[in-house]
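As structure tokens, the structure follows; a few thoughts come after it.
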Amino acid sequence: MQFTAKQISDFLSGTVEGDETITVSELSKIEEGKKGALCFLSNRKYENFIYSTNASVVIVGLDFVPSQPISCTLVKVKDPYSAFSVLLEKYNEVLNETSQKTGIEQPSFVHLSAKIGKNVFIGAFSYIDANVEIGDNTKILQQIYIGTDSKIGSGCTFHPGVKIYNRSVIGDGVVIHSNTVIGSDGFGFAPQPDGTYTKIAQIGNVVIENDVEIGANTAIDRATMGSTFIRKGSKLDNLIQIAHNVEIGEHTVVAAQAGVSGSSKVGERSVVGGQVGIAGHLSLARGTQIGAQAGINSNITEENKQWHGTPAQPLRDWMRASVLFKHLPGIEKRITKLEAEITAKLQS
């Protein structure tokens with residue numbers, strides 16, 4: 001499919017500088033742009049590429065003024081990154097045949113008591129258990145299990161291999177990537193006098209609200225009682241562990257290999273970096289930002305604050321401590337030398 005610069009500009013509510021009739025048929029990074037490609041420039045550290053790219057059209061910000069001659073046509077918009085992400089989504093819809101599929105592939109199993117909405121697709125080797133409800137326009141791809149009494153909203157996409165345990169509740173527009181498990185047992189064991197452990201029954205469920213996206217190979221445990229919550233608009237990366245009775249606040253992002261221990265609550269619009277560990281029964285304030293590999297072992301009560309290190313501390317404190325840390329060997333030598341000098345003076 002081909003689109004003119006004018007069509008793209010109209011779709012994005014932008015303006016064109018250059019040839020309005022020039023056409024593009026693919027999207028690419030600006031440093032790899034070629035004739036017929038559409039690119040974007042958001043981060044100014046990549047500005048040098050706009051003067052050498054062979055791309056036909058580049059999306060830029062309203063305030064962009066070239067400092068050298070350019071050969072490409074510009075489409076100016078308020079936010080080039082967001083504009084390009086909209087185009088990527090539309091392009092993906094065109095490429096993704098699954099979004100157009102409906103019906104039930106065979107072999108698969110759908111229990112007679114299940115309620116399936118309109119324009120739903122269920123891929124081969126999937127198993128839909130008793131009393132499951134699936135909303136309109138949801139795509140259940142291949143080799144997916146959805147357990148008894150689970151409720152799935154409209155417009156969801158579950159990629160191959162997703163497993164959803166009994167009584168899970170998933171809202172509208174949720175995307176779950178391959179091999180993620182929703183509703184597995186929480187890690188609950190009672191120590192016994194003889195040193196063994198007795199399993200504590202996990203009778204709760206998982207509730208995932210609207211417009212959540214969850215990466216591949218992530219595990220979200222069911223609550224011991226009540227629910228584990230992933231609130232609306234949150235985005236979870238691959239390889240994340242969310243323990244029983246955790247609550248992830250609205251529009252929070254969690255990067256890969258992070259772990260949140262049982263009953264902790266992460267405030268809305270927070271950012272959790274890769275490999276962050278959050279201990280159990282904690283509460284993190286709204287807008288908390290945690291740097292990669294930090295360890296959180298106490299409550300965070302101040303909103304919109306950055307934390308880093310293990311144990312985590314305010315970012316500025318951690319940066320000052322890091323500077324001192326690398327100088328510790330030299331400081332130790334100076335202290336040892338001063339101690340020797342003082343001892344020598346006292347003895348003389």
Side-chain angles (χ1 to χ4, degrees), residues 127 129-132 144-152 158 161-171 174 176-209 212 214-232 234 236-250 252 254-268 270 272 274-285 288 290 293-300 310-312:
Y127 191 106
D129 216 330
N131 301 316
V132 168
I144 288 174
Y145 170 77
I146 302 180
T148 304
D149 297 319
S150 292
K151 292 179 171 56
I152 313 301
F158 299 165
V162 168
K163 310 302 178 196
I164 299 173
Y165 283 37
N166 299 349
R167 295 181 290 108
S168 296
V169 178
I170 298 176
V174 173
I176 305 177
H177 290 273
S178 292
N179 300 320
T180 280
V181 178
I182 307 296
S184 50
D185 279 0
F187 192 62
F189 297 90
Q192 303 301 303
D194 63 357
T196 62
Y197 291 87
T198 299
K199 184 176 178 65
I200 299 171
Q202 307 292 296
I203 63 172
N205 72 341
V206 173
V207 176
I208 298 174
E209 296 183 346
V212 168
I214 301 169
N217 294 297
T218 284
I220 302 176
D221 293 346
R222 70 193 309 112
T224 305
M225 293 182 289
S227 299
T228 299
F229 288 100
I230 310 297
R231 297 298 188 184
K232 67 179 182 181
S234 291
L236 276 59
D237 201 354
N238 306 326
L239 296 165
I240 290 171
Q241 163 64 21
I242 304 295
H244 58 86
N245 293 95
V246 163
E247 180 175 343
I248 303 296
E250 295 179 6
T252 287
V254 184
Q257 299 184 15
V260 185
S261 299
S263 299
S264 283
K265 301 186 186 307
V266 180
E268 63 183 69
S270 292
V272 179
Q275 297 186 336
V276 165
I278 299 174
H281 303 276
L282 299 181
S283 179
L284 278 59
T288 294
I290 308 171
Q293 296 189 327
I296 309 297
N297 58 12
S298 60
N299 292 328
I300 294 176
T310 303

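Only a predicted model underlies this, so the values are computations on that prediction, with no experimental measurement involved. Count residues from 1 along the sequence.
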Subject >> Thr218 backbone acceptor or donor facing Thr180 side chain under 3.5 Å >> reply: yes
**OP:** Keeping the roles fixed (side chain from Ser264, backbone from His281), state whether a donor-acceptor pair exists under 3.5 Å.
**Re:** yes
Subject >> Exercise: do Asn131 and Asp149 side chains pair donor with acceptor under 3.5 Å >> reply: yes
Original post:
With a cut-off of 6.0 Å (strictly less than), are more than 12 heavy atoms of other residues, nucleotides or ligands near NZ of Lys232?
Top reply: no
**OP:** Report yes or no: does Thr252 contribute a side-chain atom to a donor-acceptor pair with the main-chain N or O of Ser270 at less than 3.5 Å?
**Re:** yes
**OP:** Return yes when atom CZ of Phe187 has more than 12 non-hydrogen atoms of other residues, nucleotides or ligands closer than 6.0 Å, and no otherwise.
**Re:** no
**OP:** Run the numbers on Val260 and Val272 for side-chain contact (heavy atoms from CB on, under 4.5 Å), then give the verdict.
**Re:** CA-CA 10 Å; Val260 185; Val272 179; 5.8 Å; no
Original post:
Is Gln192 reaching over with its side chain to a backbone N or O of Ala190, donor-acceptor style, under 3.5 angstrom?
Top reply: yes
Original post:
So, for Ile170 and Ile176, which heavy atoms are closest and what is the spacing to 0.1 Å?
Top reply: CD1-CD1, 4.0 Å
**OP:** Check whether the side chains of Asn205 and Ser168 place a donor and an acceptor atom closer than 3.5 Å, and report yes or no.
**Re:** no
**OP:** Check the side chains of Thr228 and Asn245 for a donor-acceptor pair under 3.5 angstrom, ignoring hydrogens and angles.
**Re:** no
**OP:** May I ask you to decide whether Glu250 forms a salt bridge with Arg231, counting only side-chain N to carboxylate O separations under 4.0 Å?
**Re:** no
**OP:** Determine whether the side chains of Asp221 and Gln241 contain a donor N or O and an acceptor N or O closer than 3.5 Å.
**Re:** yes
